[in-house]
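We use all heavy atoms of the structure for the numbers below, so side chains are in, but hydrogens, waters and symmetry mates are not. Along the sequence shown, residues carry numbers from 1. Because the structure is predicted, anything quoted here is derived from the model rather than measured.
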Amino acid sequence: MTSNPAPAARESRLMHGVLEMCVLAVLDESPMHAYGIVQRLRDHGFSHASYGSIYPLVTRLRKSGQLDQRLEPGSGGPARNVLAINAEGRAALATWMDQWEQTTEVVGAVVASRRDQGVVSGT
């Protein structure tokens, strides 16, 4: 017998799979620091987004050459590292978006097929 994960755990796994694309998309709107990325993701419904999950991701994206980082003076506090998507990051985002569209089409077709057949539960 397989366990059925709780809805929050399922949502977390789904979001983890697309988080990189979403971070790149957020930074394509405007440069910001990691805390700003977390806030923007939360504003869009990523309730589980945290600095602890975003910081390692943006560090990896920066090291892979998809993000640029610059130090900007903070208003009344320490300087902040501001992240900006660059040409390589935009190319990666475009690829992600193409893959996302293909994936959502396939998943949508499977789900629609189940609905068309009147399947409403796993029993």
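- Without hydrogens or angle criteria, T59 side chain to Y55 main chain gives a donor-acceptor distance under 3.5 Å.
- Here the closest non-hydrogen pair linking L41 and A49 is CB-CB, 4.0 Å.
- Within the 4.5 Å cutoff, no side-chain heavy atoms of R42 are placed close to those of H48.
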Listed pairs under 3.5 Å, donor-acceptor, residues 85-95 side chains, sequence neighbours left out:
from : atom 1 : to  : atom 2 : distance (Å)
N86  : OD1    : E88 : N      : 3.1
N86  : OD1    : G89 : N      : 2.9
N86  : ND2    : G65 : O      : 3.0
N86  : ND2    : D68 : OD1    : 3.1
R90  : NE     : D28 : OD1    : 2.9
T95  : OG1    : A91 : O      : 3.2

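- In this structure, I37 and Y51 have side chains that are not in contact, with every pair of non-hydrogen atoms separated by 4.5 Å or more.
- Side-chain contact check for E20 versus L57: some heavy-atom pair is nearer than 4.5 Å.
- Scored by the ring pair (Phe, Tyr, Trp, His ring centres under 6.0 Å) test, Y35 finds no partners at all (sequence neighbours excluded).
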Going by atom type alone, with no hydrogens or angles, which donor-acceptor pairs under 3.5 Å involve a side-chain atom of residues 101-108 and a protein atom two or more places apart or on another chain?
from : atom 1 : to   : atom 2 : distance (Å)
T103 : OG1    : Q99  : O      : 2.9
T104 : OG1    : W100 : O      : 3.0
T104 : OG1    : E101 : O      : 3.1

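- For S50, the side-chain hydrogen bond (donor to acceptor under 3.5 Å, both in side chains) criterion is met by S53, not counting sequence neighbours.
- Every residue meeting the salt bridge (Lys or Arg N to Asp or Glu O under 4.0 Å) condition with R40, not counting sequence neighbours, appears here in chain and number order: E29.
- When side chains are defined from C-beta on, M32 counts as touching S30, because their heavy atoms get closer than 4.5 Å.
- Looking at V38, I54, V18 one by one, the single match for side chain to side chain contact (heavy atoms under 4.5 Å, CB included) with V23 turns out to be I54.
- Scored by the side-chain contact (heavy atoms from CB on, under 4.5 Å) test, R70 finds P31, E72, V82, A84 as partners (sequence neighbours excluded).
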